[in-house]
Amino acid sequence: MALESFKAQISLLFEEMVNQPKDEHEVQEQLREKLREMRAMGLPLPADLVALEKQLDDDLDVEES
């Protein structure tokens with residue numbers, strides 16, 4: 001049940017990112033937090049979300065350079 005709850009929460013985050021692009025960085029941080037929670041609980045992470053997380057991290061590194 002926890003996995004389905006996380007999937008629903010992440011889906012809502014994506015909707016928020018699309019509907020309120022000005023808050024994109026906040027939504028990205030919330031997504032990272034959800035993935036950290038899933039890891040802490042030992043839940044499987046969808047490969048596409050892991051790839052997205054890496055892309056977001058790479059983009060953040062470029063912005064900070």
Side chain to side chain contact (heavy atoms under 4.5 Å, CB included) assessment of Leu12 paired with Gln9: CA-CA 5 Å; Leu12 289 173; Gln9 292 171 11; 5.7 Å; no

Value rounded to 0.5 Å, distance of CG in Leu52 from NZ in Lys54: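 Answer for the CG-NZ pair, Leu52 versus Lys54, is 12.0 Å.
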
field: Member of Arg39, Arg32, Arg36 meeting the salt bridge (charged side-chain N to carboxylate O under 4.0 Å, His left out) criterion with Glu53
entry: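 Option passing the salt bridge (charged side-chain N to carboxylate O under 4.0 Å, His left out) with Glu53: Arg39.
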
How close do [X] and [Y] get, counting heavy atoms only, and between which atoms?
{"X": "Leu31", "Y": "Ile10", "value": "CD1-CG2, 3.9 Å"}
{"X": "Lys34", "Y": "Phe6", "value": "O-CE2, 3.8 Å"}
{"X": "Pro44", "Y": "Met38", "value": "O-CE, 3.4 Å"}

